[in-house]
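Hydrogens, waters and symmetry mates play no part in the numbers below; they use all other heavy atoms, side chains included. Being a predicted model, the structure only gives us computed values, none of them experimental. A, B, ... follow the sequence lines: proteins, then strands. Residue 1 opens every chain.
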Number of protein chains: 2
Amino acid sequence: MRRTLAPRPLPPAEDQAARFARQREADRTATAEDYVELIADLLRADGEARAVDIARRMGVSQATVTATIGRLQRDGLVETKPYRGLFLTDAGRDMAAAAKARHELVVQFLIAVGLDAETAEQDAEGIEHHASEAALQAFERFLAARKAAG
Amino acid sequence: MRRTLAPRPLPPAEDQAARFARQREADRTATAEDYVELIADLLRADGEARAVDIARRMGVSQATVTATIGRLQRDGLVETKPYRGLFLTDAGRDMAAAAKARHELVVQFLIAVGLDAETAEQDAEGIEHHASEAALQAFERFLAARKAAG
DNA sequence: TCCGAAAGTTAGCCTAGGCTAAGAAGTGTG
DNA sequence: CACACTTCTTAGCCTAGGCTAACTTTCGGA
Ligand SMILES: [Mn+2]
Ligand SMILES: [Mn+2]
Ligand SMILES: [Mn+2]
Ligand SMILES: [Mn+2]
């Protein structure tokens with residue numbers, strides 16, 4: 001009986017490179033996802049999404065929000081009416097809806113596997129951006145099975 | 001019986017800001033973790049870790065590796081002997097061991113909840129950096145219970 | 001109505017992490 | 001042992017996403 005596991009061989013270099021590349025891609029879209037999700041939440045809850053509120057909730061300066069919103073606008077996700085708040089384009093609404101659904105699913109899944117609610121919220125904020133469609137489907141299956149067994 | 005769930009209220013602004021701040025912090029350390037983990041893997045598998053191999057496996061240019069290694073060196077994680085490869089400091093070895101353990105755990109966990117192995121490897125590469133200690137413990141408990149149940 | 005507070009923008013700065021192109025420095029083989 | 005090839009570094013560029021300080025614009029209450 002062996003004590004130590006045989007170390008797994010390194011994956012092929014190209015495969016590993018592809019994984020890192022996809023991860024870098026996910027990192028690049030994460031900020032946009034979090035912003036549009038928050039804008040959608042504020043629009044629903046408050047009827048408006050102001051830059052100052054986004055700054056407070058993101059924990060970031062107003063100047064940073066201005067710059068980030070500029071990129072979101074450039075990318076066709078957001079429209080602005082100064083002093084009248086921010087609005088989502090169709091593309092922005094789509095992204096927000098997807099981000100929100102993903103966020104909720106990841107939170108529920110983490111709670112279902114035994115994580116406390118507050119930590120689940122914390123970790124979901126990062127994990128959500130790195131869970132593939134296949135992973136989200138696995139999480140959904142898990143929740144459905146858990147509920148059926150309930 | 002209600003059809004639609006009541007939308008959850010927004011969390012307190014300070015809580016939400018703290019979550020985003022922690023996520024940004026995790027993003028900043030992710031590159032270092034991936035590099036030292038890879039260096040440790042190469043040292044074990046090949047007996048040396050050369051910049052050119054890291055570039056190939058990270059999917060990045062050699063110039064980028066030079067710059068990143070410079071930061072790791074500045075931060076006391078890595079030592080270099082030009083043309084003789086890279087070496088980890090004690091701190092680097094510690095970080096690599098932790099990163100490796102976390103990586104393996106996340107992969108095994110994702111497979112256990114029904115994800116295919118290749119996607120598990122892909123998603124783990126990102127998720128590993130956002131799973132808190134509490135989450136990792138929950139994943140371990142889940143795997144242990146799964147094993148006990150057979 | 002006006003004037004101070006709040007909200008937003010602008011300017012100027014920074015670091016991380018990417019890139020290409022060009023040059024320097026080892027390595028190993030004929 | 002020389003020279004071609006590989007490896008590594010340097011220089012110069014870029015974008016995202018942070019910051020502070022100073023300015024402008026709008027809003028609302030006295
Ligand atoms: Mn998030
Ligand atoms: Mn989110
Ligand atoms: Mn990783
Ligand atoms: Mn990893």
_Tell me whether B:M58 shares a hydrophobic cluster with B:L77, the cluster being built from Ile, Leu, Val, Met, Phe, Trp, Tyr side chains joined at under 4.5 Å._
yes
*Given atom CG of A:L86 and atom P of C:dA7, what is their separation to the nearest angstrom?*
13 Å
*Look at B:R24 together with B:D27 and state whether they make a salt bridge at an N to O cut-off of under 4.0 Å.*
no
*Between D:dC8, C:dA7, D:dA21, spot the one nearest the side chain of B:Y83, thanks.*
D:dC8
*Relative to the ring of A:F109, is the ring of B:F109 parallel (under 30°), tilted (30 to 60°) or perpendicular (over 60°)?*
tilted
*A:G85 vs B:R84, nearer the 5' end of DNA chain C by closest nucleotide*: A:G85
*Distance in angstrom units between A:D27 CG and C:dG18 P, rounded*: 9 Å
*Choosing from C:dA7, D:dT20, D:dG18, which nucleotide comes nearest the side chain of A:A63?*
D:dT20
*Determine, using ring centers only, whether B:F142 and A:F142 are less than 6.0 Å apart.*
yes
_Without decimals, in angstroms, what is the distance between A:E79 CD and C:dG8 C1'?_
18 Å
*asked:* If I take atom CD in residue A:Q73 and atom P in nucleotide C:dG8, what distance separates them, rounded to the nearest angstrom?
replied: 13 Å
*For D:dT15, take OP1 and OP2 only and decide whether either is under 4.0 Å from a side-chain N or O of A:R71.*
no
*B:L72 and B:L86: same hydrophobic cluster, using ILVMFWY side-chain contacts below 4.5 Å?*
yes
*Sub-3.5 Å donor-acceptor pair from the side chain of B:D123 to the main-chain atoms of A:S132, do we have one?*
yes
*Does B:T64 make a side-chain N or O approach to OP1 or OP2 of C:dG17 shorter than 4.0 Å?*
no
*Under-4.0 Å side-chain N/O to phosphate OP1/OP2 contact, A:R74 with D:dA16*: yes
*asked:* Heavy-atom nearest nucleotide on DNA chain D for B:A67 versus A:Y35: which residue maps closer to 5'?
replied: B:A67
*Whole-Å distance separating the CD1 atom of B:I69 from the C1' atom of D:dT10*: 16 Å
*Interatomic distance where CD belongs to A:E25 and P belongs to D:dA16 [whole Å]*: 12 Å
*Over how many whole Å does the gap from A:R28 atom CZ to D:dC14 atom C1' extend?*
13 Å
_OP1 or OP2 of D:dG17 versus the side-chain N and O atoms of A:T68: is any pair under 4.0 Å?_
no
*With respect to the side chain of B:V60, which nucleotide from D:dC8, C:dC19, C:dT10 is positioned closest?*
C:dC19
*Taking only side-chain nitrogens and oxygens of B:R56, does any of them come within less than 4.0 Å of OP1 or OP2 of D:dT7?*
no
*Report the distance from atom CD of B:Q23 to atom C1' of D:dG18, rounded to the nearest whole Å.*
15 Å
*Using a cut-off of strictly less than 4.0 Å, decide whether B:R24 has a side-chain nitrogen or oxygen near OP1 or OP2 of D:dG17.*
no
*So, is A:T31 near the phosphate of D:dG17, with a side-chain N or O under 4.0 Å from OP1 or OP2?*
yes
*Among the candidates C:dT9, C:dG26, D:dC8, find the nucleotide nearest to the side-chain atoms of B:R50.*
D:dC8
